[in-house]
Colleague: 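Please see the structure below; I have some questions.
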Amino acid sequence: MARTFPLEKLRNFGIVAHVDAGKTTTSERILYYTGESHKIGEVHDGEAVTDWMEQERERGITITAAAISCDYQPTYTEDADKKVTFNIIDTPGHIDFTAEVKRSMYVLDGAIVVFDAAAGVEPQTETNWRYADEAGVPRICFLNKMDKLGADFETAYASIQEKLSDKAVRLQIPMGHEEDHLGAIDLLKMKAYTYEGEMGEKVIEGDIPEQYMADAEKYRGELIEKIVENNEEMMDKYLGGEELSYEVLQAEMRKAVIATDIFPVMCGSAFKNKGVQKILDAVVDYLPAPTDLPPVKGINPDNDEEVERKPSDEEPLSALAFKLQTDPFVGQLTFIRVYSGVLKSGETYLNTGTGKKERIGRIVRLMADKREEISEVYTGEIAAVVGAKDLKMSHTLCPADAPIVLEEMTFPEPVISARVEPKTKADQEKMGLALNKLSDEDPTFKVHTDEETNETVISGMGELHLDILVDRMKREFGVEADLGRPQVAYRETIQGTADVDNKYIKQTGGRGQYGHVKIRIAPLQPEPEVVEGEKVKKKANNIEREDHFEFINNIKGGVIPSEYMGAIKKGLKEAMSRGVLAGYAMEDISVDLYDGSFHDVDSSEIAFKIAASQALKQAAQQANPAILEPIMKVEVTTPEQFMGDVTGNLNAKRGVVESMDDRGNAKVITAKVPLSEMFGYTTALRSMTEGRANATMEFSNYAVVPKNVADEIISQRG
């Protein structure tokens with residue numbers, strides 16, 4: 001089976017937004033205008049599952065199709081050769097499922113960021129934007145809901161410039177607001193667009209009405225200045241009064257959008273079927289094809305050298321697994337993005353995540369409401385592998401003779417935990433399997449067993465996250481379980497330094513045990529900035545850094561043989577798993593192993609492991625240990641008359657109010673509040689404000705707990 005369309009006619013993009021910004025409605029319209037069914041999720045070989053749009057509203061994370069493939073004919077041409085293939089990657093809007101957005105950003109080539117034109121930039125939008133910045137993803141901004149009461153294009157546009165990026169620039173301006181919203185003016189083409197037909201399927205191009213002409217000319221000047229500012233030759237022509245053609249400006253703008261030097265801002269109302277086709281035209285015109293992007297970079301695991309793969313079918317295969325999903329009919333689906341080469345079913349490839357070979361069985365492409373079985377996946381495409389045994393998230397597939405490890409995805413740590421208890425013995429047997437599958441799918445969902453009580457503890461990003469996962473256990477795996485009261489995922493750390501000399505000596509009549517280490521511990525410092533464009537972080541050979549832990553090997557002259565280093569690191573990490581104040585895991589510690597000794601006969605790995613573990617516990621007690629708690633960024637939108645009550649309540653919860661802004665007739669309060677104080681906050685807020693205020697919350701950072709609160713936590717842990 002040969003490639004059916006050129007690589008330059010492919011666009012991989014996602015739709016990201018804050019909850020209720022209109023992403024679902026926009027997604028529906030996109031699938032309608034591309035000729036696909038707007039019902040996404042009926043993918044089980046004739047077995048209908050809940051409509052994807054409903055699922056997103058009801059459960060947030062259970063989105064059956066991670067990628068939808070469809071074709072689109074731009075509205076400005078009837079030339080069939082201009083048709084483009086879209087891979088639309090789905091992202092949820094709720095903060096508890098932020099991992100879905102983050103992992104999608106790794107495999108997207110571009111994104112449409114949807115905003116509520118009455119609200120502007122909201123908390124989850126900022127998080128999504130940050131993920132896109134980290135991944136270097138080009139973006140188009142869509143100010144949706146222009147028909148909504150309170151919609152204000154200029155205010156929303158100003159919030160994008162202020163809170164997200166001053167590289168945002170108007171590509172369109174609206175014709176009318178709220179109920180008078182008619183359509184939009186394209187500032188590059190200097191044409192007005194309105195929409196006719198039952199679903200707005202007819203895009204009508206016309207002249208700009210006279211009342212909008214002055215604004216259109218003013219803002220067109222700003223747009224052209226932004227386009228030419230990085231091209232000296234074009235800048236000189238423009239400043240010299242030369243008229244630059246639409247084609248020249250569009251080509252230069254495409255380059256600037258792909259380089260993330262410009263974020264075009266467009267507008268419309270997806271609900272009223274206005275503006276979505278022009279957004280799709282902009283995806284074709286401005287977002288990159290895989291051929292527009294630089295080669296993907298990775299590491300050769302054989303020699304740790306940087307290697308790259310160009311986006312070409314002729315290159316060796318490099319494919320990244322970015323999402324796992326358990327399907328009740330076919331088993332595990334592993335979604336993959338192919339960056340170079342061709343992935344073929346029936347072939348065997350090296351999985352550099354495990355170091356083992358992986359045979360690829362069935363491959364399917366998700367096409368809206370059906371699955372299409374395919375035998376090959378070409379460069380730039382996204383598909384799902386069925387039943388891959390060892391292929392997990394962040395693993396790379398490649399040929400054994402051309403190995404590459406693509407950049408691993410990193411995810412935020414869980415901030416909330418709860419005990420989960422099966423209702424019957426039969427449920428107990430099935431629960432372990434269900435929890436393992438769910439934790440494989442979701443990198444922010446962790447499962448462990450409490451050593452003291454032998455109870456199963458699950459951890460996630462919020463109360464809703466855990467509720468949904470327990471609900472999924474019931475619906476998808478038939479496991480009935482009770483969820484205990486949520487507990488905050490505290491951490492422990494150190495605020496000072498300590499130096500400890502520890503010997504572990506045990507005589508048992510025969511061969512004894514001997515391990516001796518000298519360590520210095522200190523708070524872990526941030527890594528130095530990485531050079532622009534450099535994927536691999538260079539560090540000294542004697543320093544190993546993992547998540548929240550650094551090990552410095554300063555042993556000289558073999559006073560501790562190298563074969564014991566693995567055991568020492570294991571002992572240090574085991575000690576960090578249970579802190580010295582309240583038994584919470586320790587993090588952000590740097591350990592310098594600078595001396596010690598060994599015994600020719602009695603030394604062993606277990607002796608050095610115990611010696612290192614004891615040394616770290618002693619050192620942590622001397623290094624001003626502290627408990628850390630998760631701090632949440634809270635945004636409350638409330639009528640002005642309740643503002644005093646809301647701010648007073650947040651202050652009483654140990655919150656720090658950071659800003660108070662206006663949004664239409666309402667006040668928006670932004671604060672940082674400890675998670676432990678926020679359980680049940682939504683209900684309390686509704687009572688306080690006659691049900692007229694609402695709040696959103698997302699994880700911000702960990703911070704040291706005040707002493708009185710720390711004493712209470714320690715006493716409760718007993």
Colleague: Counting C-beta onward and ignoring hydrogens, is there a side-chain heavy-atom pair between Thr125 and Phe115 closer than 4.5 Å?
Modeller: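 Heavy-atom side-chain distance check passes, below 4.5 Å.
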Colleague: Rounded to the nearest 0.5 Å, how far does CG of Leu675 lie from CD1 of Ile631?
Modeller: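 The CG atom of Leu675 is 8.5 Å from CD1 of Ile631, to the nearest 0.5 Å.
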Colleague: Can you name the nearest heavy-atom pair linking Ala216 to Ile185, along with the distance?
Modeller: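 Answer, listing the atom of Ala216 first, then Ile185: CB-CG2, 4.3 Å.
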Colleague: Does some side-chain heavy atom of Gln172 sit less than 4.5 Å from a side-chain heavy atom of Leu187?
Modeller: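 They are not in side-chain contact.
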Colleague: Does Asp442 use its side chain to pair, donor to acceptor, with the backbone of Leu438 at less than 3.5 Å?
Modeller: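 Not at all, since once roles are kept as given, no pair shorter than 3.5 Å links the two residues.
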Colleague: For Ala418 versus Pro486, what's the shortest heavy-atom pair and its separation?
Modeller: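 So the minimum-distance heavy-atom pair works out to CB-CA, 4.1 Å.
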Colleague: Quick check: closest heavy atoms across Ala192 and Pro209, and the distance to 0.1 Å?
Modeller: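 Residues Ala192 and Pro209, closest heavy atoms: CB-CD, 4.1 Å.
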Colleague: Specify the closest pair of heavy atoms between Thr194 and Leu182, including all atoms of both residues, with the distance to one decimal.
Modeller: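 Heavy atoms of Thr194 and Leu182 come nearest at CG2-O, 3.9 Å.
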Colleague: Keeping the roles fixed (side chain from Ser687, backbone from Thr683), state whether a donor-acceptor pair exists under 3.5 Å.
Modeller: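 Judged by distance alone, yes, a pair lies under 3.5 Å.
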Colleague: Measure the CZ-CG distance between Arg472 and Leu435 for me, rounded to the nearest 0.5 Å.
Modeller: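 It is 11.5 Å, given to the nearest 0.5 Å.
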Colleague: Quick check: are there more than 12 heavy atoms from other residues, nucleotides or ligands sitting under 6.0 Å from CZ of Arg130?
Modeller: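 Enclosed.
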Colleague: What I'd like to find out is whether the side chain of Phe263 reaches to under 4.5 Å of the side chain of Ile160, using heavy atoms alone.
Modeller: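 Counting from C-beta outward, Phe263 and Ile160 never come under 4.5 Å.
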Colleague: Quick check on Phe679: does its CZ atom have over 12 non-hydrogen neighbours (other residues, nucleotides or ligands) under 6.0 Å away?
Modeller: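 Yes, the 6.0 Å shell around CZ holds more than 12 heavy atoms from other groups.
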Colleague: Check for a donor-acceptor pair, side chain of Lys653 on one end and backbone N or O of Glu677 on the other, with a separation under 3.5 Å.
Modeller: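 Judged by distance alone, yes, a pair lies under 3.5 Å.
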Colleague: Check the surroundings of atom CD in Gln211: do more than 12 heavy atoms from other residues, nucleotides or ligands lie under 6.0 Å from it?
Modeller: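 Enclosed.
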Colleague: If you apply the rule side chain to side chain contact (heavy atoms under 4.5 Å, CB included), what do you find for Thr456 with His448, and how did you get there?
Modeller: CA-CA 6 Å; Thr456 301; His448 75 275; over 6 Å; no
Colleague: Considering residues, nucleotides and ligands other than Lys163, do more than 12 of their heavy atoms fall under 6.0 Å from its NZ?
Modeller: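 Correct, the count exceeds 12.
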Colleague: Say whether, by atom type as modelled, one donor and one acceptor occur between the side chain of His181 and the main chain of Pro174 under 3.5 angstrom.
Modeller: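 Side chain of His181 to backbone of Pro174, a donor-acceptor pair under 3.5 Å: no, none is there.
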Colleague: Using 0.5 Å steps for rounding, measure from the SG atom of Cys267 to the CD1 atom of Ile173.
Modeller: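 Reported value, rounded in 0.5 Å steps: 8.0 Å.
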Colleague: With a cut-off of 6.0 Å (strictly less than), are more than 12 heavy atoms of other residues, nucleotides or ligands near CD of Glu154?
Modeller: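 Enclosed.
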Colleague: Do Phe642 and Met688 have side chains that get closer than 4.5 Å, going by heavy atoms?
Modeller: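 Side-chain contact under 4.5 Å: no.
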Colleague: Are Val113 and Ile140 side-chain neighbours, meaning at least one heavy-atom pair lies under 4.5 Å?
Modeller: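 A side-chain contact under 4.5 Å is absent here.
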Colleague: Keeping the roles fixed (side chain from Ser159, backbone from Val121), state whether a donor-acceptor pair exists under 3.5 Å.
Modeller: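 Looks like yes, one N/O pair under 3.5 Å.
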Colleague: Say whether, by atom type as modelled, one donor and one acceptor occur between the side chain of Arg491 and the main chain of Glu629 under 3.5 angstrom.
Modeller: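 No, Arg491 side chain to Glu629 backbone: no donor-acceptor pair under 3.5 Å.
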Colleague: Flag the pair Thr493 / Met586 as yes when at least one side-chain heavy-atom distance between them is below 4.5 Å, and no otherwise.
Modeller: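 Side chain of Thr493 against side chain of Met586, heavy atoms only: no contact under 4.5 Å found.
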Colleague: Restricting to ring-ring contact (aromatic ring centres under 6.0 Å, His included), what partner residues turn up for Tyr702, sequence neighbours left out?
Modeller: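 Scan of Tyr702 (ring-ring contact (aromatic ring centres under 6.0 Å, His included), adjacent residues dropped) gives Phe699.
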Colleague: Restricting to non-hydrogen atoms, name the atom on Ile262 and the atom on Pro264 that form the minimum distance, rounded to 0.1 Å.
Modeller: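 Heavy atoms only, the tightest pair is O-CD, 3.8 Å.
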Colleague: Residues two or more places apart in sequence or in another chain: which of them pass ring-ring contact (aromatic ring centres under 6.0 Å, His included) with Tyr490?
Modeller: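 Checked Tyr490 against ring-ring contact (aromatic ring centres under 6.0 Å, His included); matches are Tyr584.
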Colleague: Taking the side chain as every heavy atom from C-beta outward, state whether Leu223 and Leu188 have any pair of such atoms under 4.5 Å apart.
Modeller: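 Leu223 reaches Leu188 side chain to side chain.
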Colleague: Let me confirm one number: the CG-CG distance from Leu483 to Asp471, rounded to the nearest 0.5 Å.
Modeller: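 It is 11.0 Å, given to the nearest 0.5 Å.
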Colleague: Are Lys278 and Asp186 close enough, and set up right, to give a salt bridge (charged side-chain N to carboxylate O under 4.0 Å, His left out), and what steps lead you there?
Modeller: CA-CA 9 Å; Lys278 296 311 291 179; Asp186 185 315; 5.3 Å; no
Colleague: Evaluate the side chain to side chain contact (heavy atoms under 4.5 Å, CB included) criterion for residues Val457 and Val420: first the C-alpha distance (whole Å), next the side-chain angles of each, then the deciding distance (0.1 Å), finally the verdict.
Modeller: CA-CA 6 Å; Val457 178; Val420 63; over 6 Å; no
Colleague: Looking at Asp152, is its backbone amide N or carbonyl O close enough to the side chain of Thr155 to form a donor-acceptor pair, meaning the two atoms are under 3.5 Å apart?
Modeller: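 Flag not set: sc Thr155 to bb Asp152 has no pair under 3.5 Å.
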Colleague: What are the two closest heavy atoms between Gly200 and Tyr195, and how far apart are they?
Modeller: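 The answer is O-CD2, 3.8 Å.
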Colleague: Under a 3.5 Å distance rule, please check whether Arg654 uses its side chain to pair with a backbone N or O of Pro674 as donor and acceptor.
Modeller: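 Absent.
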Colleague: I'd like to know if the side chain of Lys167 and the backbone of Thr260 have a donor-acceptor N/O pair within less than 3.5 Å.
Modeller: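 Between the backbone of Thr260 and the side chain of Lys167 there is a qualifying donor-acceptor contact (under 3.5 Å).
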Colleague: Measure the shortest side-chain to side-chain distance between Asp147 and Glu178 over non-hydrogen atoms and say whether it is less than 4.5 angstrom.
Modeller: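 Side chain of Asp147 against side chain of Glu178, heavy atoms only: no contact under 4.5 Å found.
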Colleague: Is there a donor-acceptor pair closer than 3.5 Å between any side-chain N or O of Glu587 and the backbone N or O of Glu492?
Modeller: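 Between the backbone of Glu492 and the side chain of Glu587 there is no qualifying donor-acceptor contact (under 3.5 Å).
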Colleague: Can you tell me how far apart CD (Gln277) and CE (Met199) are? Round to the nearest 0.5 Å.
Modeller: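 Answer rounded to 0.5 Å: 9.5 Å.
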Colleague: Between Lys672 and Glu658, is the salt bridge (charged side-chain N to carboxylate O under 4.0 Å, His left out) condition met? List the steps.
Modeller: CA-CA 7 Å; Lys672 296 276 182 71; Glu658 295 191 322; 3.5 Å; yes
Colleague: Among pairs that include at least one residue of residues 135-144, which meet salt bridge (Lys or Arg N to Asp or Glu O under 4.0 Å), considering only residues two or more places apart or in two chains?
Modeller: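 For residues 135-144: Asp133-Arg139.
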Colleague: Quick one: do Val265 and Val169 satisfy side chain to side chain contact (heavy atoms under 4.5 Å, CB included)? Show the steps, please.
Modeller: CA-CA 6 Å; Val265 179; Val169 65; over 6 Å; no
Colleague: Once you round to the nearest 0.5 Å, how far does NZ of Lys226 lie from CG of Leu171?
Modeller: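 If I round to the nearest 0.5 Å, the distance is 14.0 Å.
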Colleague: Could you check whether Lys667 pairs with Asp661 (Lys NZ or Arg NE/NH1/NH2 to Asp/Glu carboxylate O, under 4.0 Å)?
Modeller: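 The answer is no: the pair does not qualify as a salt bridge.
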Colleague: Quick one, Val114 with Ile15, criterion side chain to side chain contact (heavy atoms under 4.5 Å, CB included). Give me CA distance, side-chain angles, the key distance, then yes/no.
Modeller: CA-CA 7 Å; Val114 182; Ile15 306 159; 3.7 Å; yes
